[in-house]
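Worksheet for the structure shown next.
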Protein chains: 2
Amino acid sequence: MAGPGQHSTSQPSLRERKQARTRQALIEAAVELFERQGYDETTVAEIAAAAEIGTRTFFGYFAGKEDILFPDSDARSRATIAAIADRDPAEGPVDVLLRALDTIAESDADMVSPMAAVRMRLFHTVPAVRGKALQVQLAAQREIARELHKAFPGELDQVTAAALAGALTGAVSGALDVLLGEQGAEHADPAQLQAQVRQATERALRPWRQAAGE
Amino acid sequence: MAGPGQHSTSQPSLRERKQARTRQALIEAAVELFERQGYDETTVAEIAAAAEIGTRTFFGYFAGKEDILFPDSDARSRATIAAIADRDPAEGPVDVLLRALDTIAESDADMVSPMAAVRMRLFHTVPAVRGKALQVQLAAQREIARELHKAFPGELDQVTAAALAGALTGAVSGALDVLLGEQGAEHADPAQLQAQVRQATERALRPWRQAAGE
DNA sequence: ATGCGAGTTTGCATCGAATGCAAGTTGGCT
DNA sequence: AGCCAACTTGCATTCGATGCAAACTCGCAT
């Protein structure tokens with residue numbers, strides 16, 4: 001093997017601390033460079049050099065150039081799954097998902113990170129980044145579908161659970177696509193943004209509230 | 001410019017016929033090679049050679065290696081837009097979308113093409129192909145959202161239209177992902193496959209059907 | 001029919017992402 | 001101290017993708 005692998009749940013060793021620092025340095029260097037020169041104009045070699053590691057080593061930390069824009073890519077699905085986990089017995093599937101959506105919007109520090117802005121701009125301009133982002137979304141959607149089916153075995157079979165998960169992520173990303181795609185998205189008020197997403201999603205999923213069980 | 005560009009609506013000239021043949025030859029050669037050797041093991045040079053054109057010329061016909069798996073990528077959005085166009089005045093947004101999705105599921109001859117099978121297998125194994133497929137889907141979704149908003153200006157603002165388009169396409173693709181993603185999808189005969197697609201779509205859209213008209 | 005010109009094809013050179021390989025180097029642990 | 005495994009790094013290589021300039025082909029007006 002070539003690259004570092006994540007480790008135990010115990011105290012971080014010197015090695016792990018160093019790797020974490022290197023990883024962070026890579027991310028910051030990349031964001032900085034992407035912002036200044038653009039994505040295609042920045043080479044992996046430059047990023048590695050800026051983080052003071054060998055070019056070859058970069059690929060030990062990230063599988064590809066795009067991947068550096070999606071560290072902790074499964075944060076969203078983890079949050080959703082957590083929301084599903086501690087659900088109220090009275091809640092229906094759609095209620096749980098909408099609550100998860102609220103939870104994410106509140107606790108998601110990623111919406112305001114400097115990287116998020118860069119990522120969003122590159123999403124609209126660089127096909128490779130768009131492709132990667134959509135793959136991350138699909139992975140999350142699949143994970144959600146699986147947990148959803150596990151949490152509501154009687155109510156949702158696998159296909160229906162997948163449909164619901166797809167409907168949720170599709171609705172949210174669709175709304176965000178419009179809200180953030182328009183110019184001036186960077187100066188938007190997060191709270192108002194969330195309200196709009198919430199409202200649009202709720203309307204799109206409304207039929208599921210009653211019809212969830214077949 | 002380097003590559004050929006599509007032409008008028010009139011009679012296809014000799015030039016255009018040749019290009020169409022070359023394009024088709026490229027597609028068939030690529031599918032054949034992908035099938036036999038796998039995607040990563042097939043180089044663009046091989047595809048071009050099999051179609052008897054220079055390697056450089058390939059990129060005049062397709063922007064990248066993945067793109068050859070998605071010719072006529074906007075067929076779906078065109079069909080949807082057509083369905084939206086000739087809607088009944090009494091139909092609501094959901095009704096129109098449901099009808100559009102039905103039309104697509106039925107008239108989509110692409111589901112049984114030899115390429116479709118290869119494409120589906122590669123979707124699950126090759127990240128680049130998966131990314132491209134998702135981008136095509138997103139493009140269609142956006143187009144649908146735009147037309148939907150245009151068709152129901154008073155009823156649907158842009159955000160809601162996008163959320164609705166995302167929810168429906170997400171639900172269908174989510175259901176298909178589960179139903180066709182499991183093993184054995186490749187060995188099913190076309191008729192059975194088509195039936196499965198129909199069933200998945202049906203179940204994914206059921207909640208909206210029951211609540212249609214609102 | 002002839003020949004001009006736009007549209008195409010192609011080879012060549014180049015760049016950059018990505019990977020295998022084979023040393024080196026470093027940190028963890030006894 | 002010293003071994004072992006994990007990690008780093010450079011080197012060579014493959015392949016996708018693009019710019020460039022020279023050939024070539026077809027459509028069309030004369």
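So that the names make sense, note that chain A is the first sequence line, chain B the second, and so on, each numbered from 1.
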Touch class at under 4.0 angstrom, heavy-atom based, for [X] against every strand present:
| X | answer |
| --- | --- |
| A:Thr22 | nothing |
| B:Phe58 | nothing |
| B:Glu66 | sugar-phosphate |

Nearest-nucleotide comparison on DNA chain D, the residue closer to the 5′ end among B:Asp67 and A:Glu52: A:Glu52

Cationic N near anionic O, under 4.0 Å, B:Glu202 to B:Arg198: no

Check ion pair B:Glu35-B:Arg121 (N to O, under 4.0 angstrom): no

B:Tyr39 and B:Phe34 aromatic ring geometry - parallel, tilted or perpendicular at 30°/60° bounds: tilted

Below 4.0 angstrom from OP1 or OP2 of [N], is there any side-chain N or O of [X]?
| X | N | value |
| --- | --- | --- |
| A:Tyr61 | D:dT8 | yes |
| A:Lys18 | C:dG27 | yes |
| B:Ser13 | D:dG27 | yes |

[X] has a side chain; which of [options] sits nearest to it?
| X | options | answer |
| --- | --- | --- |
| A:Arg56 | D:dG16, C:dG27, C:dT19 | C:dT19 |
| A:Lys65 | D:dG16, C:dC21, C:dA18 | C:dA18 |
| A:Arg15 | D:dG16, D:dA5, C:dT10 | D:dA5 |
| B:Ile53 | C:dG28, C:dT10, D:dT25 | C:dT10 |
| A:Thr57 | C:dT26, D:dT9, C:dT9 | D:dT9 |
| B:Phe59 | D:dG10, C:dT8, D:dA17 | D:dA17 |

Heavy-atom closest pair, residues A:Met120 and A:Leu180: SD-CB, 3.4 Å

Calculate the interatomic distance between [X] atom [atom1] and [N] atom [atom2]; express it in whole Å.
| X | N | atom1 | atom2 | result |
| --- | --- | --- | --- | --- |
| B:Arg21 | C:dT9 | CZ | C1' | 15 Å |
| A:Ile68 | C:dA18 | CD1 | C1' | 15 Å |
| B:Arg17 | D:dC26 | CZ | P | 11 Å |
| B:Ile47 | D:dC15 | CD1 | P | 12 Å |
| A:Phe62 | C:dT19 | CZ | C1' | 18 Å |
| A:Glu41 | D:dT18 | CD | P | 13 Å |

Stepwise side chain to side chain contact (heavy atoms under 4.5 Å, CB included) check, A:Gln196 with A:Leu179: CA-CA 9 Å; A:Gln196 284 179 281; A:Leu179 286 171; 3.7 Å; yes

